Structure formats: structure tokens, C-alpha cells
Protein chains: 4
Amino acid sequence: MGIAERKEREKLQRRRDILEAARNVFSEKGFQPATMDEIAEKVELSKPTIYLYFDSKEDLYTSIALEDSYKVVERLKESLASDVGLVEKWRSVFLAFVEHCMENPEYVSISQHILAPESRQRVSDHILEEFDNHTHELVGYVTQLVEESIEKGLARDDLPPRTITLIAWRMTVGLLELYLSGRATEFGVDDYHEFLENAFDVLINGLLQRGS
Amino acid sequence: MGIAERKEREKLQRRRDILEAARNVFSEKGFQPATMDEIAEKVELSKPTIYLYFDSKEDLYTSIALEDSYKVVERLKESLASDVGLVEKWRSVFLAFVEHCMENPEYVSISQHILAPESRQRVSDHILEEFDNHTHELVGYVTQLVEESIEKGLARDDLPPRTITLIAWRMTVGLLELYLSGRATEFGVDDYHEFLENAFDVLINGLLQRGS
Amino acid sequence: MGIAERKEREKLQRRRDILEAARNVFSEKGFQPATMDEIAEKVELSKPTIYLYFDSKEDLYTSIALEDSYKVVERLKESLASDVGLVEKWRSVFLAFVEHCMENPEYVSISQHILAPESRQRVSDHILEEFDNHTHELVGYVTQLVEESIEKGLARDDLPPRTITLIAWRMTVGLLELYLSGRATEFGVDDYHEFLENAFDVLINGLLQRGS
Amino acid sequence: MGIAERKEREKLQRRRDILEAARNVFSEKGFQPATMDEIAEKVELSKPTIYLYFDSKEDLYTSIALEDSYKVVERLKESLASDVGLVEKWRSVFLAFVEHCMENPEYVSISQHILAPESRQRVSDHILEEFDNHTHELVGYVTQLVEESIEKGLARDDLPPRTITLIAWRMTVGLLELYLSGRATEFGVDDYHEFLENAFDVLINGLLQRGS
DNA sequence: AATGAATGAGTATTCATTCAT
DNA sequence: CATGAATGAATACTCATTCAT
């Protein structure tokens, strides 16, 4: 009876193993320079086996971000559910996103990749759809927080909530890329966490009602 | 003697022609997918001729950003030299950078590419050096503006000037990438210029002394 | 008792099912382009199961023609047994063969395949042997008819009976291939059956005693 | 001056070398089983070089038959131009075609390949067009001969000239394939030329006016 | 008897780069 | 200075075939 279940578990595990190896290789080299051979060697499976679990290199690549996107959404929900003040919630959301990206550095670049229209053509529809859903879910949650902040007179009300979300999102990604490039120190940033704290301070300061 | 000069001029022009063609091709396809064949065809020169002017595909790619970086620095200097109020100067600097990037979309992606340590290994030293010089020059100019703003009590003095510069730079790049991905509209941004104005407003608001 | 028989019957049926599916796929794509995956999917059996019944793709392919060759021989025997005049018997034999090939288009191409020495190396001996037996049986039957026709002064006696058989066989196959290529109409043949009747007329005319 | 010419000659020669090697390999193995690697090794050129002269494996394959088709048409024209009786002209045309095919065994199989609609999709248009032109030219010449034969009361007038051409063409190809399969001897044909003479006799006998 | 899972060995095609001229 | 011609090294993806169960 347990046999089918064990098989199922093993299959899922194998899938995760492949994703894990792919994550490493893609992180190190980027999409194009990475090769299926290298990934196969890293998982200690043959190339055809990989194709048993993923339809194409592009699908494998984007599946990584897909896995990640589950985690971000989860993490964000937690931050939003915490019982703290609004500003504290903002900080928590910011940190949740930022830490997730720092722990899963490929997430940012793959997401960027998925943004580009040329890439989208080559990715399986079901992956694209699921990824977009997560992204919009994420944007939606933050926008709710923005709306609440405006209602309570905390955030500036001269901009549409969605615009505020977008600005915050893009600014945060811009900040992250400095870290992900691996050359933060070169630009004088020794304590990246402190840098982020400061940046968040600038961001929240810019978003708050003047006078509040 | 005029002959030598003409030859020299022609040579430089040829170099610019190649860069121009490369810029188009790389812009459209990105680094890896673009081929030297395509670039050669576009300049109407043979492939070996291109190698007469540039040592490798990577060098050609980065040389484009190098050419751009001259222009940005120039543009920035102009903005900084203008005789207007400090906040106006900030806006002018922001817009100069932003507009340059929108007009030369490859600049952002190539700069990003040059940031990555793996890429740096494959680029000729002299290009790298020159590019880094320009970047630091650029950062330096902005930092001067920041320092002046702090001195005059305009900008917040709780952060080191360089940190402020970095935050502003990275946030701006993050905003730009939304445009460069070509999917801004999809995220509800119809008037990208308005979006940038709003974003600048948030940014400057965040950087100003509270109470000023 | 009954159980073993039923099992045996089921086994044979399964074999036939596989052959049937293979026939479809090979007919549509030819030998190399067809894949075992596609055949397996069509029979709704797993690939290893197919290998339980056939040793290799090549064996499966040739087994189809083998199955067909039973049918042709059967059909030919019937035609030969019919109680009609000699010329009518010739026509009947011709039509039997031609119709069989048109209904089982793979028969001609696979037979051709089996003829080629390189292919023969890769096919199991027992299949080869059986196929050759059938072919020679077939040739033998026709040769008997030829001999009878010569004896009765109908067919030309200036050629060995076997030569006449071979000429008739190869000419007929040549005619058939026009149909099997699917481009008969393109060559102005709208009514293929009429074309064959005419061709038979030419053939029999060429084989008859001058003056008869 | 002569330099450009010599280069041109060398280029053409290289093209011919490649075709020659391809001819060997394809003859031996057939289209699919043959590999570009093997062809490259045989010409002692690198694979990419082959792609400099031919766009794809399929194009290379069909170009062989294209080259051949020039020769057949040439040979046929000669036969038709010869100043002999009509029956002798028929024999000459038959032998010209048959000998060409025996000397260039790949011609028949590739032509067969080009006939199939699926293959046609993958071949470059210009090759297809040229090949079809040659084929129709060839059919046209023979049809003229048939018409002349009918007019002079030699050939049977109960069939359209084009039908007669098609029947003769297909029957001849059928006969040839026995030789090309390499197993003629096995079927008791020791002297293939004699066999062909006999076959031609049957064919012409079938096509002549009864009573003539 | 049947199969899910795995793989060795291909396979056509591409592309940055380099000589010989 | 410029290039036609050539190639080494990849590279994603495929498929007949085989185990372990």
C-alpha cells in the first residue's frame, strides 16, 4: 500500500533534486551559459532523465522561480498577518521580500527573465500562468497594505495605491541587484543589512504623508 | 599629411559604425542570442574586420556601454552646472540619467552585465578600467551634490553622502528596468514619464530633511 | 484447460494489437521517423511490453510485412484457383496483388526495406526466413501460371518462365509506387484504377505470343 | 585576374567534393541513417564547412539528385537526337535512363524521396523547383516520342500519350529497383543487362499497335 | 505479464574566432 | 586594411533499449 506513496515521494524528491542542481548552475552562470550537461552531472542523473521531469531548459529555468514564488507569497502573508503597527508591517514586508531574494538570488534574475516578452514565448503556458498569478497575488497583497495605510492617513494620498506599490517594488529590486551583483563592497557597502535598513528608511520616509 | 588624418577619421568612423550596428543587434536580442554574423551583416563589413576593431564579442558588447558612459557623464555635468535651486538640480540629474537610459536601453543591461564578476573576467582590462572610472566619476559627481545638499540643510544628515547616492542610484535603476522590460503597461503604467515623476517625488521626499 | 487457452488467445490478440498500431504509425511516417513511444501510446501499452512481443523496432517493422505476406499468398491462391480463362486468371492475379498493396500500403515499402542487404543484417533470422519463404512461394505460384500459359501457347516462349514472372512483378511494383507516393494526381492520373487497367493491358499485351 | 577565377573553380570543386562524399554515404546507408559527421569525415572537411555550401542535410541529399537530373536530361536528349528508327530510339531512351540509374544508384531513391509530400516540406524551394522542372522536361521529351510513335501508327492509339509515358516510366523504375536492391542474383537474374533487354522487349511489345 | 523510470549514444545545427591571401 | 573560407567546441534535445519491481 505504502509502495505507491513511496514512489510518489521519491519522484517528487528527484524533481526537487534536479531543481536544486539547476538552481546552483543557473545562479552561477546565468541562463544561456549554463548547460543541461552540467546540470545533469550535478544531480548525478542522465540528461534524458531531466527531460523526463521538465520539458525544456527554459521550463526548468522558470520552474525554479516558480518554486521560489510560492515561498515569497507565503513569507509575505506571514508578515502581513503579524499583529504590529503599520510602519512595522511595512518594514516586515520589505525585509521578508529582501531576505527571500538574498537567500534565493536566482529568484530576481529569473523573474526579470520571465518579464521579457521574447522569453515568455518559449516558456510553457502553465508555468507562465502560475508565475503571473503569484506575482499578481503578491502585488495585490502589498496594494492592500498601501490602501490601508492611506485610509489611516499614514501614507500619502496623492498617488494611486497601485503606483505606490510599483514604485516600492521596483526600488527594492534595484537595491537588491547591487547585492546580487556581488560587488556591493566595492561600492563602499560593507554592511549590506545596514544599507538596506537605511534604504528602507528613505523609502518609507518618501511614502509617508508629509507632516505625519 | 592630410591623408593620414583622413585615414584616421575613417577608421574612427568605421569603429563607430560597428558599435552602432552592434548596439542595435544587442538591444534587440541580448548578449548571447546576438551573433557576430548578424552584426557584420548590419555594418556591411566582414566578420574578421570587426575583430580588427574589437578583440572579442564581449569587448564589443561592453564597448557600447563605454561609449554611452561618456555621454551620461557629459549629460550629468551639464545638469550639475545649471544655475538652478538644489531640488531642481536633483530633478535635473535624475531626469538626465533616466532619459539617457531610456534612449540607450542597452546601457542599463550592459552595465548590469559588467557588474557581474564572471563577466568581468572575460572583458579586456582597459575597457573595464575605463568603465569603472566613469562609473565612479558619476557616483562622485552625485555625491558632491549630496554633500552640498546636506551642508545647506536640505538633505538628511543621518546618512553618509555616499550611501545616499547609492540608494538613489539603485532605486532609479530599479524603476528603469520596469520600462526596459517592455511590460510597464501590463502593470498599469500607461504614462511612464508621469510614473517617473511620481517616483522621483517619492525619492526626493525620502531624502529630504524631515521638516524641511 | 480453458484458462491456458484464453491466455494464449489474449496474448495473440495483444500481438495483433501492437502490429496494428505499428502499421498505422509506420505507414504515416516511415521507419526511422516513427518512434516506439508513439506506437506504445497508440496501443495503450508501455514500451517494455512491446519488447516482450518483438525483439526490436526493426523486427516489429518487418513483422508487419510478414503478416501481410500471409494475406497476399492467400489471396493469390484464391485467384489462381478460380475457374476462369488464362488471361482472366492473369488479370485476377494482377488485381489481387495490386489491391492488396493499395489496402496495405506499408507492405510494399517494408518489402523493399527487407530487400536491402544492410537492413537484412538487423532483422531476426526467423523473420527473414519466413518472409523469404513467402516471397518465393508467391513467385513460384505465378511462375506456375506462366508455365501453364506458355504450354498452352498463350504466353511468349522466348523467355524463361521465371524471367517473365520477375518482369511482371517488378513492373507491377513500379506502377504501385506511383500511387503510394500519394502524388499520382499530380502526374495527371485521376482515376488510378483505370490507370492500372491500362497498365495491365500493356503488360499482358507484352507477354502474350505475338499473333495470339 | 586569374585569381578570382581560380577561387571560383576551387569553390565549385569543393562543392562537388562534398556532393561526391554525400553521394557515397547516402547510397550506402540511406537518408536518415547517414550522418553529417560521416560525410564530413569522408570529404575531409569540417561539418560547419559543409553547411557553408548546403543549408541542411535534406538540401544536401536532394542536391545530389539535382545534379543527376541534369545528366539524365542531357543523356535523354542525345538519345532522342540520334538518327535511328523509332523502335531503336525507344530502346536508346530506355537504355539511357536505365544505365544512368545504374551508374547513379542514389538517383532513384532520392527521386522517390522527393516525391513524398512530407519530405518536400523540408527541402528548399529552389531545389524543389529545379528538380520538378527537370522531371517534367524529362516526361515531356518522352511524351513527344510517344506522340510521334502514335502518329506514325507504330504505338497503340487507344491510350493517351501521357499515360503511355507514365506506364513506361513506372515500369522501368520498378525493374531498376530489383538491381538497386542488390539482390537480383538471388532472384535468379545473373545477367542483369540481358534481363533488362528482355524487359524492354516485353514493354515495347506491349506498347506497339497490335498487328504492327 | 507488465511497466515506470532511466540512460548511452547519438544528431543536426550553430557560432565565435582564426588563417591565408 | 579587409575578407572568404574554414573550423573546434558546443548544445539542446531525441530515441531505442533496458532494469528493477
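Side chains are part of it too, since the values below use all heavy atoms of this structure and drop only hydrogens, waters and symmetry mates. Quick caveat: nothing in here was measured; it's all calculated off a predicted structure. Lettering of chains follows the sequences in order, A, B, ..., and the numbering in each one begins at 1.
Taking atom NZ on C/K7 and atom C1' on E/dA2, their separation rounds to 12 Å, with Å as the unit.
Partners of D/R120 under the salt bridge (Lys or Arg N to Asp or Glu O under 4.0 Å) rule, at least two apart in sequence or in another chain, are D/D132.
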Show, in sequence, the C-alpha distance, side-chain angles and deciding distance for C/V123 and C/F131, and conclude whether the side chain to side chain contact (heavy atoms under 4.5 Å, CB included) test is met.
CA-CA 11 Å; C/V123 181; C/F131 185 82; over 6 Å; no

Going through the distances and angles, do B/N104 and B/E106 end up as a side chain to side chain contact (heavy atoms under 4.5 Å, CB included)?
CA-CA 5 Å; B/N104 304 277; B/E106 68 290 346; 3.3 Å; yes

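Evaluation of the salt bridge (Lys or Arg N to Asp or Glu O under 4.0 Å) test over residues 42-52 of chain C, restricted to residues two or more places apart or in two chains, returns C/D37-C/K47.
Nucleotides of DNA chain F lying under 4.0 Å from heavy atoms of chain B occupy a range whose first and last members, 5' to 3', are F/dC1 to F/dA6.
Contact check on C/R6 versus C/E10 returns a salt bridge, with a Lys/Arg side-chain nitrogen under 4.0 Å from an Asp/Glu carboxylate oxygen. Between A/D68 and A/R23 there is a salt bridge, since a side-chain N of the basic residue sits under 4.0 Å from a carboxylate O of the acidic one. In summary, C/K29 and C/E38 engage in a salt bridge, as defined by a charged side-chain N under 4.0 Å from a carboxylate O.
Contact between B/A65 and B/I110 at its shortest, heavy atoms only, is CB-CG2, 3.5 Å.
C/Q13 and C/D17 are linked by a side-chain donor-acceptor pair at a separation below 3.5 angstrom, with hydrogens and angles left out of the test. D/Y70 and D/E130 form a side-chain donor-acceptor contact under 3.5 Å, judged by distance and modelled atom types alone.
Within residues 44-60 of chain B, the residues approached by DNA chain E to less than 4.0 Å at the level of any non-hydrogen atom are B/K47, B/P48, B/Y51, B/S56, B/K57, in residue-number order. Residues from residues 8-39 of chain A with heavy atoms under 4.0 angstrom of DNA chain E, sorted by number: A/K11, A/R14.
Axis angle, first five pairs versus last five pairs of the helix from E/dA2-F/dT21 to E/dT21-F/dA2: 30°, rounded to 10°.
C/K11 contributes no side-chain N or O that, together with a main-chain N or O of C/Y53, makes up a donor-acceptor pair within less than 3.5 Å.
In this structure, D/Y61 and D/H113 have perpendicular ring planes: the angle between them is above 60°, well past the 30° mark.
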